[in-house]
Amino acid sequence: MAFGWIDEQADARRRAGLVRTLRPRPADSPLLDLASNDYLGLARHPEVTGAAAAAAHTWGGGSTGSRLVTGTTELHTELERELAEFCGFEAALVFSSGYAANLAAVTALAPHGTLVVSDAGNHASLIDGCRLARGSTQVVPHADPEAARKALATHDGPAVLVSDTVFSVDGDAAPLGEFAAVCRERGAGLVVDDAHGLGVLGPGGRGAARAAGLAGAADVVVTVTLSKSLGSQGGAVLGPARVVDHLVNAARTFIFDTGLAPAAAGAALAALRLLRREPGRAARAREVAAELHARLTAAGLEAVRPDAAVVSVRAPSPEGAVRWAADCRAAGLAVGCFRPPSVPDGVSRLRLTARGDLSGDQIERAVRVIGETRP
C-alpha cells in the first residue's frame with residue numbers, strides 16, 4: 001500500500017512517547033509565555049505591529065515574487081542596510097526565513113571540493129545545509145575548537161567551520177574567538193548562526209559576533225533570524241559585500257523563493273530601530289535568564305547556566321517532559337518541551353525563554369509552577 005510505512009513510523013513514535021501535535025493558540029492566550037522565542041517582547045509592541053500594518057497597506061499582503069523578479073521592495077533594501085550597519089557588517093541579504101538563510105549560506109559557500117566542519121550541536125537548518133552542500137562534511141564534538149582544528153588539518157582545499165553562536169537546546173554559547181583563530185590558521189571561513197544571539201548578546205543586542213570582535217571580518221559570515229528578538233519573521237545573511245553578491249547569484253533559497261512579505265520586513269525594521277533606541281532591552285533579557293536559572297537551581301531543579309536567553313531544565317524522560325509541560329500549561333504557564341530527536345544528546349528538557357519583558361512576579365510564578373509540577 002502506498003505510504004504504508006507511515007503507519008509503522010507513527011506506531012513507533014507512539015510507543016516511544018514522541019508524537020507531536022499542533023496546538024493553535026488564541027490571540028489573547030491567558031498563559032504566561034515562556035515558550036516562544038519573543039526574547040524582547042516585541043512581537044506585539046505597537047510600533048512593530050503598526051509598522052507591519054503600514055507595510056501591508058503600502059506594499060501589499062505579499063511580495064508578489066522572488067527577490068530577483070518583483071519581490072524586492074525599497075523596504076527590503078532599507079532593512080538590509082540598517083541590519084548590516086547595526087550588526088557591524090558590510091552587507092546583508094534578507095530571506096523568507098532563518099532556515100532559508102542558513103541553507104543559502106552553507107550551500108553557496110561550500111561548493112564541490114570544500115570541507116565543511118560542523119559542530120555536533122548545530123541547529124537542524126545548518127545540518128540540512130551541510131547535507132545539501134556539494135562539499136564534504138565532517139561533524140566534530142560540540143564546542144570543541146581542538147576537534148575543529150584537527151578536522152581542518154585533514155583538508156588542503158577550501159573549508160568552512162559552521163556553528164551556532166548560541167545553541168538552542170541548552171542555551172550555551174560557542175567559543176567564537178577560538179573558532180575564528182582555528183579557521184585563520186587554515187585559511188578557512190567561519191559561518192555562524194546568530195539566531196539566539198541577535199538582540200540579546202553584544203553591545204545593545206548587536207549579536208554574538210560583535211561581542212566576540214568578529215563583526216565585519218572578511219572571513220566571517222553570520223546568519224540571523226528576524227523571528228526571535230525582532231518579533232517578526234524572516235532571516236538574513238550578514239557578511240562581506242562580495243559574499244552577499246555571491247549569494248544573490250548562487251543561493252537557491254534566495255533565487256527561487258518568494259521574497260519576505262512586506263509586513264514582516266516592516267515589522268523587523270521597526271523592531272530593529274526600537275532596539276537601537278532602547279539598548280537596555282538586551283541586558284534585561286540576560287538578567288531574566290540569570291534570575292530564572294538561580295531560582296530554578298535554588299529550588300533543586302537541574303537547570304543549565306544560560307549564556308544568553310535560553311534556560312534549559314532537564315527532564316527524567318521524554319514522557320516525563322511531555323507530562324511536565326502539559327502540567328505547566330494546565331497551571332497557566334507555557335514552556336517549551338524538547339525531546340529526541342530534537343536534542344542531540346537524547347536528554348529531554350523543558351526549554352524556557354527568558355523574555356526581557358517579564359516582571360519579577362512573573363518570574364517567581366514561573367519558577368513556582370515548574371517546581372510544583374515536576375515529575
Separation of Asp164 CG from Asp193 CG (nearest 0.5 Å): 5.0 Å
Asp327 side chain to Thr373 side chain, donor-acceptor N/O pair below 3.5 angstrom: no
CD1 on Ile6 to CG on Asp11, rounded to 0.5 Å: 12.0 Å
Heavy-atom closest contact (Asp119 atom, Pro141 atom, distance): OD2-O, 4.0 Å
Co-membership, hydrophobic cluster, residues Val182 and Leu214, 4.5 Å side-chain: yes
Shortest non-hydrogen contact from Leu42 toward Ala271: CD1-CB, 3.9 Å
Separation of Leu350 CG from Trp324 CH2 (nearest 0.5 Å): 5.0 Å
N/O donor-acceptor pair under 3.5 Å between His76 side chain and Thr73 backbone: yes
Heavy-atom closest contact (Arg374 atom, Gly371 atom, distance): NE-O, 3.3 Å
Leu226 side chain near Leu79 side chain, heavy-atom distance below 4.5 Å: yes
Check: Arg355 and Ser36 side chains under 4.5 Å, non-hydrogen atoms: yes
Backbone of Leu40 reached by a side-chain donor or acceptor of Ser229 within 3.5 Å: no
Closest contact, heavy atoms only, Ala110 versus Ala133: O-CB, 3.7 Å
Residues which pass ring-ring contact (aromatic ring centres under 6.0 Å, His included) with Phe179, listed by chain and number, not counting sequence neighbours: none
Student check: side-chain heavy atoms of Arg351 and Asn37 closer than 4.5 Å: yes
Donor-acceptor contact below 3.5 Å, side chain Thr72 vs main chain Arg67: yes
Minimal non-hydrogen separation, Pro262 against Gly62, with atom names: CD-C, 3.5 Å
Within 6.0 angstrom of Asp156 CG, more than 12 heavy atoms from elsewhere: no
Leu176 with Phe89, same ILVMFWY side-chain cluster at under 4.5 Å: yes
Glu80 atom CD, neighbour heavy-atom count above 12 within 6.0 Å: yes
Arg242 with Asp245: basic N within carboxylate O range, under 4.0 Å: no
Under 3.5 Å: donor-acceptor pair, side chain of Arg365, backbone of Gly332: yes
Heavy atoms from other residues, nucleotides or ligands near CZ of Arg23 exceed 12 (cutoff 6.0 Å): no
Ser118 side chain to Thr137 side chain, donor-acceptor N/O pair below 3.5 angstrom: no
Any donor-acceptor N/O pair, Arg206 side chain to Phe86 backbone, under 3.5 Å: yes
Approximate separation, where rounding is to 0.5 Å, of Cys130 SG and Asn102 CG: 9.5 Å
N/O donor-acceptor pair under 3.5 Å between Asp257 side chain and Ala100 backbone: no
Short N-O contact, Arg323 and Glu319, less than 4.0 angstrom: no
Expected output: side-chain Thr297 to main-chain Glu302 donor-acceptor under 3.5 Å: no
Of Leu198, Leu83, Asp194, the residue whose pairing with Leu238 passes side-chain contact (heavy atoms from CB on, under 4.5 Å): Leu83
Polar contact flag, side-chain donor to acceptor under 3.5 angstrom, His196-Tyr39: yes
Heavy-atom side-chain contact between Leu103 and Arg252 under 4.5 Å: no
Arg314/Asp170 salt bridge by N-O under 4.0 Å criterion: yes
Atom CD of Glu74: over 12 foreign heavy atoms under 6.0 Å: no
Close side-chain approach of Leu68 to Ile255, heavy-atom, < 4.5 Å: yes
Shortest non-hydrogen contact between Leu32 and Leu333, atoms and distance: O-CD1, 3.5 Å
Flag side-chain contact, heavy atom, 4.5 Å: Leu93 against Val248: yes
Qualifying residue, where the test is salt bridge (Lys or Arg N to Asp or Glu O under 4.0 Å) with Glu85 and the options are Arg210, Arg276, Arg273: Arg276
Those residues that, when tested against Arg184, pass salt bridge (Lys or Arg N to Asp or Glu O under 4.0 Å) (two or more places apart): Asp219
Side-chain (Glu90) to main-chain (Ala241) donor-acceptor, under 3.5 angstrom: yes
Verify same cluster id: Leu247, Val116 (apolar side-chain graph, 4.5 Å): yes
Side chains of Ser348 and Ser317 in contact at under 4.5 Å (non-hydrogen atoms): no
Side chain proximity check, Val117 to His155, heavy atoms < 4.5 angstrom: no
Distance, nearest 0.5 Å, that separates CG of Leu275 from NE2 of His45: 11.5 Å
Inter-residue atom distance Arg149.CZ - Asp144.CG, 0.5 Å rounding: 10.0 Å
